[in-house]
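Input: a single structure, listed below in structure tokens.
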Amino acid sequence: MSPSSRSCPHPLPTAGLGLPYVQTRIFKIIVIGDSNVGKTCLTFRFCGGTFPDKTEATIGVDFREKTVEIEGERIKVQVWDTAGQERFRKSMVEHYYRNVHAVVFVYDVTKMTSFTNLKTWIEECNGHAVPPLVPRVLVGNKCDLKDLIQVPSSMALKFADAHNMLLFETSAKDPKESQNVDAIFMCLACRLKAQRSLLCRDLEGRPGQPRRLEPTHDANGKNSCPC
Amino acid sequence: MLPISLPLCGLLTDFDSKKKRKVAEIYQALNSDPIDVAALRRMAISEGGLLTDEIRCKVWPKLLSVNTDDLPPLPGKELREDNKDYQQVLLDVRRSLRRFPPGMPDDQREGLQEELIDIILHVLKRNPQLHYYQGYHDIVVTFLLVVGDRLATALVEKLSTHHLRDFMDPTMDNTKHILNYLMPIIDQVNPEVHDFMQSAEVGTIFALSWLITWFGHVLSDFRHVVRLYDFFLACHPLMPIYFAAVIVLYREQEVLDCECDMASVHHLLSQIPQDLPYETLISRAGDLFVQFPPSELAREAAQQQAERTAASTFKDFELASVQQRPDTVLRQRFRERLRGEERTKSILTKPRTNRFVKLAVMGLTVALGAAALAVVKSALEWAPKFELQIFP
């Protein structure tokens, strides 16, 4: 991914000042989307590595984290997994939008309404004063259910393009796709890391092009940047 | 094989005899005319709660003033058509595998899940003012597993229009309001923990699922869940938030040792330990409620604002029973946070005289209507004289 187009929405006090980092940097990512699209499974897959066979409805907000290493730097990725039911968004989830570094929108490729509802989720996100320059990615989950797909990739790509998001199509369930789940979060972490080290000098940059990651089954090292 | 040592043997006998005695007392209360609901409340609160599901089937309806001779008919299948919450209920129930006993055959579990969906939709249909929330199914499943679908429908309906009413508003504003009560309770007992949590800006969402599912969503051992339900059914609708505070306070050292930031503290607190000493915590929650009932907190706030005369504890419960919405009590009473020198630090060491009587009396007002209020008033008259007949 080209770092040249990124801005820095939340510069850390010491970022880029030539001072050495001693603390692990923290990237805070919020995961939103309709009920039952697989938000919890995705975050489990990334943070825990396995697909949990019994996930339940998330009530309120759950928290998971994983420390990753990117180009020699240890970065703590904090993932806030939210409830999908509308009533929780309004008054409960607000607190967790504060100071997020990235937003992950999730829809279910086998359920068109979860895709059409993305509009509402974007409004929701904007309503919580998430700066427009905070990176957002779009994730179409449950790709393993090939016979049931309702949302064509082309449609999703167009939407992602229009909203300046990266698109990933993946399956939290299929172990062969787990690389791709990692890629979502690693990509964001790379992007955020790039932003930080650029010290926001490129605020006027061109928005990034949406791209679709085809499932990759070759085992890349986890430390490499997937973008 | 080693013989059971004498002291252990003695303990077992002691435990058994206590249990037997309690069972006898419960049946005595059930068989008296009129039924001694106050005694049943005390039994539900005191050590061990209602002991068995067989007893729960008999006592839970009494605690909720549900007439078991006049149960509404079970609904037909048309329930599932044009119900706005159907899809959400379906999604949540189908995913709620963990709530069923491990080892239960799939077809039996699936049958219960269908019953669960029907109960929820039935209550929602009969009460269009109620709105389904994710987590409601965690409460309903507990009733289904203990008392079966027919009785569960009646109990859950009563519970939903009373204890759970605020959670079932169109928005969660009132739920949030009740959650806001958590920190002041913590502040009363341990200001250091309170201040630490405030600095971390942890918020109260870690306790949301505790509150709106009565801990059914977070405890994996069903025995603990039903024990808590005994307690909550016998008490004031705000008791779950006191219990939440007690859990946080029980973990005070862990909290203070935690990194002081939102994520760390949220993470720590939302992972509820499964080996909590439930009986001890129930006693503590009861103590806290008696010592800091909503009116107790509000009284000082009211004095500061000079807008209310001293309110009795009982007033709160009268209010709660008239309006049946815990949030209303908070709204009216809890105007300003209590701060500084008025804090009482020795709450947990104060004598526990008549605690269960007080709690039981307080819980009584949750029962309904003028008749219930009359019972409460007479209960208040005899309460001070009553000798506790609970486990030592």
Side-chain angles (χ1 to χ4, degrees), chain A residues 23-30 33-41 43-44 47 52-67 76-101 108 110-114 117 142, chain B residues 84-85 87-100 102 131-139 141 167-177 179-180 201-213 215-218 220 259 261-271:
Chain A
Q23 279 185 312
T24 310
R25 285 199 289 178
I26 293 171
F27 291 151
K28 183 177 162 188
I29 297 172
I30 188 168
D34 273 9
S35 196
N36 205 46
V37 295
K39 299 180 291 296
T40 301
C41 289
T43 61
F44 256 114
C47 297
D53 55 339
K54 292 179 191 173
T55 53
E56 295 179 277
T58 303
I59 296 172
V61 180
D62 278 345
F63 169 81
R64 287 174 197 99
E65 71 179 355
K66 180 178 179 176
T67 303
K76 203 185 268 185
V77 182
Q78 294 185 339
V79 184
W80 294 88
D81 174 25
T82 62
Q85 197 190 6
E86 186 177 355
R87 57 193 291 113
F88 288 96
R89 307 177 201 169
K90 302 286 181 217
S91 48
M92 292 294 171
V93 176
E94 203 171 30
H95 191 60
Y96 300 89
Y97 275 95
R98 268 198 314 183
N99 304 327
V100 288
H101 298 110
D108 174 351
T110 68
K111 200 169 175 200
M112 186 52 92
T113 52
S114 73
N117 282 341
K142 307 195 186 178
Chain B
K84 68 178 167 52
D85 293 307
Q87 286 305 323
Q88 187 71 56
V89 173
L90 194 69
L91 287 176
D92 294 341
V93 171
R94 295 267 156 87
R95 289 188 281 177
S96 65
L97 307 179
R98 267 199 326 134
R99 302 273 79 86
F100 296 89
H131 299 263
Y132 174 77
Y133 62 88
Q134 289 187 305
Y136 183 69
H137 66 298
D138 286 314
I139 288 196
V141 75
F167 310 145
M168 305 191 76
D169 268 347
T171 71
M172 298 200 83
D173 291 347
N174 282 341
T175 306
K176 201 174 174 184
H177 199 79
L179 275 175
N180 284 342
E201 298 185 323
V202 65
T204 50
I205 303 296
F206 67 85
L208 174 66
S209 67
W210 304 356
L211 176 69
I212 66 179
T213 72
F215 297 83
H217 187 74
V218 288
S220 47
E259 259 184 82
D261 68 80
M262 180 171 101
S264 307
V265 182
H266 177 102
H267 190 52
L268 173 79
L269 288 175
S270 59
Q271 307 293 311

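Order of the sequence lines sets the chain letters (A, B, ...), proteins ahead of strands, with each chain counted from 1.
Looking at B/Val202, only its backbone comes within 4.5 Å of chain A, counting heavy atoms on both sides. Only the side chain of A/Gln78 comes within contact range of chain B, judged by heavy atoms closer than 4.5 Å. For B/Ile205, the parts lying near chain A are the backbone and the side chain together; criterion is any non-hydrogen pair under 4.5 Å. Proximity to chain A involves both the backbone and the side chain of B/Glu201, based on heavy atoms less than 4.5 angstrom apart. Contact annotation for B/Ser270: neither backbone nor side-chain heavy atoms come within less than 4.5 Å of a heavy atom of chain A. Neither the backbone nor the side chain of B/Thr204 comes within less than 4.5 Å of any heavy atom in chain A. Both the backbone and the side chain of B/Gln134 come within contact range of chain A, with heavy atoms under 4.5 Å apart. Heavy atoms of A/Arg98 lying under 4.5 Å from chain B belong exclusively to its side chain.
A perpendicular orientation is assigned to the rings of B/Tyr133 and B/Phe167, their planes being inclined by more than 60° (bins at 30° and 60°).
Taking 4.5 Å as the limit, some side-chain heavy atom of B/His131 sits within range of a side-chain heavy atom of B/Lys84.
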Could you walk me through whether B/His266 and A/Tyr96 pass the ring pair (Phe, Tyr, Trp, His ring centres under 6.0 Å) test, one step at a time?
-> CA-CA 11 Å; B/His266 177 102; A/Tyr96 300 89; 5.7 Å; yes
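In terms of heavy-atom pairs under 4.5 angstrom with chain B, the leader among A/Asp62, A/Ile59, A/Thr58, A/Thr55 is A/Ile59.
Residues B/Asp261 and B/Ser264 bring a donor and an acceptor atom of their side chains to less than 3.5 Å of each other. A donor and an acceptor atom, one from each side chain of B/Tyr132 and B/Asp92, are located under 3.5 Å apart.
A salt bridge between A/Lys142 and A/Asp108 is present, with a side-chain N of the basic residue lying under 4.0 Å from a carboxylate O of the acidic one.
The heavy-atom pair separating A/Ala57 from B/His217 by the smallest distance is O-CE1, 3.3 Å.
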